[in-house]
Novice: 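Okay, handing you the structure first.
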Amino acid sequence: MDPKHRVRKAVIPVAGNGTRFLPATKAMPKEMLTIVDRPVVQYAVDEAIEAGIEHIVFVTSRNKSAIEDHFDDTPELISSLRLAGKSHQVSELERLLPRPGAVSFTRQQAPLGLGHAVWCARDLIGNEPFALLLPDMLCYGMRGCMAGLMDLYNETGGNIVAVEECAPEETSKYGIIGKGAAVRHGFAVTKMVEKPHPSEAPSNFYLNGRYILQPEIFDILARQERGAGNEIQLTDGMLRLSETQSFHAQVYNGRTFDCGSKHGFIEANVAFALARSDIGGLVYDSIRNLVVSHEAQMTAA
Ligand code: UTP
C-alpha cells in the first residue's frame with residue numbers, strides 16, 4: 001500500500017462528561033475506571049498498538065489529567081518497585097509505557113459531541129487516514145477489533161467501520177448501518193443512521209466504536225452541524241462522506257461491552273476477570289456462590 005494511505009495514527013476521544021456513570025465520574029474520568037486492574041482506556045491503546053498504530057492522539061478536556069499521567073513515566077515508583085524486588089511489576093509498567101513522543105494530547109474545550117471531538121484532532125492527524133477507537137466501547141476477543149479492520153482496509157482502502165448485531169428493538173441506542181455487497185473481509189455500507197427507531201432502522205448492525213476514516217471527514221465536521229441530541233454527530237459526518245467515498249463494514253467476531261453504562265461495565269469486569277489465569281477460578285467460584293445465595297434469598301423473601 002502507498003505509504004500515504006497507510007494508517008499510522010489513532011484518535012482516542014476522552015473528553016465526554018460520562019454522565020451515565022455519575023457520581024463516579026464527578027472527579028475521575030470514566031476512561032480511568034478499571035476493568036480488573038487496568039483503566040479502560042489502556043485496553044484501547046493496547047488494541048491500537050496491536051493493529052500497528054504508531055502514534056495516538058487523545059482528545060481530552062478539563063479534569064482528565066489522570067489520563068495523561070497514566071501514559072507518562074513514573075521513575076520514583078519504578079525505583080521503589082526495583083528496591084522491593086518487584087521486577088514483574090516493573091516490566092509490566094515498562095511494557096505499558098508509550099514510546100517517547102508517540103502520544104499527543106489536544107483539548108476539546110466543550111463536549112459538543114463525538115464528531116466535534118474527532119474534528120479537534122485534525123491538526124495532529126493532518127492529511128492522512130486514521131484509526132478511531134472509542135475507549136468506553138471495550139472489545140473482547142481473541143484478536144483486537146482494530147487489527148481486523150486493518151485487514152479489510154488493506155483490501156478496500158477508503159473508510160471502514162466495525163459493527164455488531166443488536167436486538168432489533170435496541171436500534172434506537174446506536175448508530176446503525178445498512179448492509180450491501182460482500183467483499184472478502186466484510187461488506188459495503190449502504191446507509192448510516194444515528195439512533196433510528198426500530199421501524200426505520202436499515203438493519204440491526206450497530207457501530208461498535210472502531211473506525212478507519214479518511215481525512216476528508218474533517219472538512220465535513222468543520223461545518224459543525226448538529227444532529228441527534230443537539231450534538232455534532234460523527235455518524236452524520238460519515239453519512240455525508242459516504243456520498244463521495246467508499247465505506248465498508250466488518251462484523252467483529254468478538255464482543256463489545258459498553259463500559260459507559262453501569263451494566264456493560266460490570267459485565268466487562270466479570271468477563272475479563274473470568275478469562276484471567278491468575279484470578280479467573282476464584283472469580284468463577286465467587287460468582288457461583290453469590291448467585292446461589294442470591295437465589296436462596298429471593299426464594300425466602
Ligand atoms: P459517549 O457518548 O459514550 O461519552 O462517547 P459521554 O458523553 O462521556 O457519555 P455519557 O452519555 O454522558 O455517559 C463516546 C466517547 O467519545 C468521547 C467520550 O469521552 C467517550 O470516550 N466524547 C464524547 C468526547 O470526547 N467528546 C464529546 O463531546 C462526546
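Both counts, for ligands and for their atoms, begin at 1 and track the order of listing. All of these numbers come straight from a predicted model, not from anything done at the bench.
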Novice: List the closest protein heavy-atom neighbour of atom 17 (C) of ligand 1: residue, atom name, distance to the nearest 0.1 Å.
Specialist: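 Answer, as residue, atom name and distance: Pro13 O, 3.8 Å.
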
Novice: Could you tell me which non-hydrogen atom of Lys30 sits nearest to which non-hydrogen atom of Lys64, and how far apart they are?
Specialist: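 Scanning both residues, the minimum pair turns out to be N-NZ, 4.3 Å.
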
Novice: Can we say Glu92 and Lys86 salt-bridge, meaning some charged N sits less than 4.0 Å from an Asp/Glu carboxylate O?
Specialist: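 Result for this pair is no, no salt bridge flagged.
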
Novice: Find all atoms of ligand 1 within a distance of less than 4.0 Å from any non-hydrogen atom belonging to Lys30, and give their numbers and elements.
Specialist: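 Numbered from 1, ligand 1 contributes 1 (P), 3 (O), 4 (O), 6 (P), 8 (O), 9 (O).
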
Novice: With a cut-off of 4.0 Å, which atoms of ligand 1 are near a heavy atom of Leu114?
Specialist: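 Per the distance check, 16 (O), 29 (C).
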
Novice: For atom 12 (O) of ligand 1, which protein heavy atom lies nearest, and how many Å away is it?
Specialist: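 Of the protein heavy atoms, Thr19 OG1, 2.5 Å lies nearest.
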
Novice: If every non-hydrogen atom of Asn208 is compared with every non-hydrogen atom of Cys145, which pair is closest and at what distance?
Specialist: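 Smallest heavy-atom distance, with atoms named: ND2-SG, 3.8 Å.
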
Novice: In terms of atom number and element, which parts of ligand 1 are under 4.0 angstrom from non-hydrogen atoms of Arg20?
Specialist: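 Those atoms are 3 (O), 9 (O), 10 (P), 11 (O), 13 (O).
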
Novice: To which protein heavy atom is atom 25 (O) of ligand 1 closest, and what is the distance rounded to 0.1 Å?
Specialist: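 Looking at atom 25 (O) of ligand 1, the protein heavy atom closest to it is Ala15 N, 2.8 Å.
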
Novice: Atom 28 (O) of ligand 1: which protein heavy atom is closest, and how many Å away?
Specialist: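 Here the closest protein heavy atom is Gly113 N, 2.8 Å.
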
Novice: Quick one: does Glu231 get within less than 4.0 Å of ligand 1, heavy atoms only?
Specialist: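 So Glu231 does not count as touching ligand 1.
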
Novice: Can you name the atoms of ligand 1, numbered from 1 with element, that are less than 4.0 Å from a heavy atom of Pro135?
Specialist: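 So the atoms of ligand 1 that pass are 21 (O).
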
Novice: Is there at least one pair of N or O atoms, one from Asn17 and one from ligand 1, spaced under 3.5 Å apart?
Specialist: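 Between Asn17 and ligand 1 (N or O atoms, distance only) the closest approach is under 3.5 Å.
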
Novice: Give a yes or no on whether a salt bridge exists between Asp258 and Lys173, defined as a side-chain N under 4.0 angstrom from a carboxylate O.
Specialist: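 Salt bridge: no.
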
Novice: Please write down residue, atom name and distance for the protein heavy atom closest to atom 18 (C) of ligand 1.
Specialist: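 Here the closest protein heavy atom is Gly16 N, 3.6 Å.
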
Novice: Can any side-chain N or O of Asn269 pair as donor or acceptor with the backbone N or O of Thr34 at less than 3.5 Å?
Specialist: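 Answer holds: yes.
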
Novice: Heavy-atom contacts with Pro111 under 4.0 Å: which atoms of ligand 1 show up? List them by number with element.
Specialist: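 Near Pro111, the atoms of ligand 1 are 28 (O).
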
Novice: Of Thr235, Leu114, Ile176, Leu234, which is the lone residue that meets side-chain contact (heavy atoms from CB on, under 4.5 Å) with Glu194?
Specialist: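 Output: one option passes, namely Thr235.
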
Novice: Under a 4.0 angstrom heavy-atom cut-off, which atoms of ligand 1 come close to Ala117?
Specialist: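 Near Ala117, the atoms of ligand 1 are 24 (C), 25 (O), 26 (N).
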
Novice: Can you classify the ring geometry of Tyr43 versus Phe272 as parallel (below 30°), tilted (30 to 60°) or perpendicular (above 60°)?
Specialist: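 Tyr43 vs Phe272 ring planes: perpendicular.
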
Novice: Which one holds for Gln108 and ligand 1: side chain close, backbone close, both close, or neither close, with close meaning a heavy atom under 4.0 Å?
Specialist: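 Side chain only.
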
Novice: Any carboxylate oxygen within less than 4.0 angstrom of a Lys/Arg side-chain nitrogen, looking at Glu128 and Arg8?
Specialist: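 Here Glu128 pairs with Arg8 in a salt bridge, since their nearest N and O are under 4.0 Å apart.
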
Novice: Give the residue and atom name of whichever protein heavy atom lies nearest to atom 8 (O) of ligand 1, and the separation in Å to one decimal.
Specialist: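 For atom 8 (O) of ligand 1, the nearest protein heavy atom comes out as Gly18 N, 2.8 Å.
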
Novice: Distance to 0.1 Å, residue and atom name: give those for the protein heavy atom nearest to atom 5 (O) of ligand 1.
Specialist: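 Going by distance alone, atom 5 (O) of ligand 1 is nearest to Asp136 OD2, 4.2 Å.
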
Novice: Please round to the nearest 0.5 Å and tell me the distance separating atom NE2 of His55 and atom CG of Leu124.
Specialist: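 Interatomic distance, His55 NE2 to Leu124 CG, rounded to 0.5 Å: 6.5 Å.
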
Novice: Assign the ring pair Phe265 / Phe21 to parallel, tilted or perpendicular, where the plane angle (0 to 90°) is split at 30° and 60°.
Specialist: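 Aromatic pair Phe265/Phe21 classed perpendicular.
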
Novice: Has the side chain of Thr25 got a donor or acceptor atom that lies under 3.5 Å from a matching backbone atom of Gly18?
Specialist: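 Yes; at least one donor-acceptor contact below 3.5 Å.
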
Novice: In this structure, does ligand 1 have an atom that sits under 4.0 Å from one of the heavy atoms of His116?
Specialist: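 No, His116 has no heavy atoms under 4.0 Å from ligand 1.
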
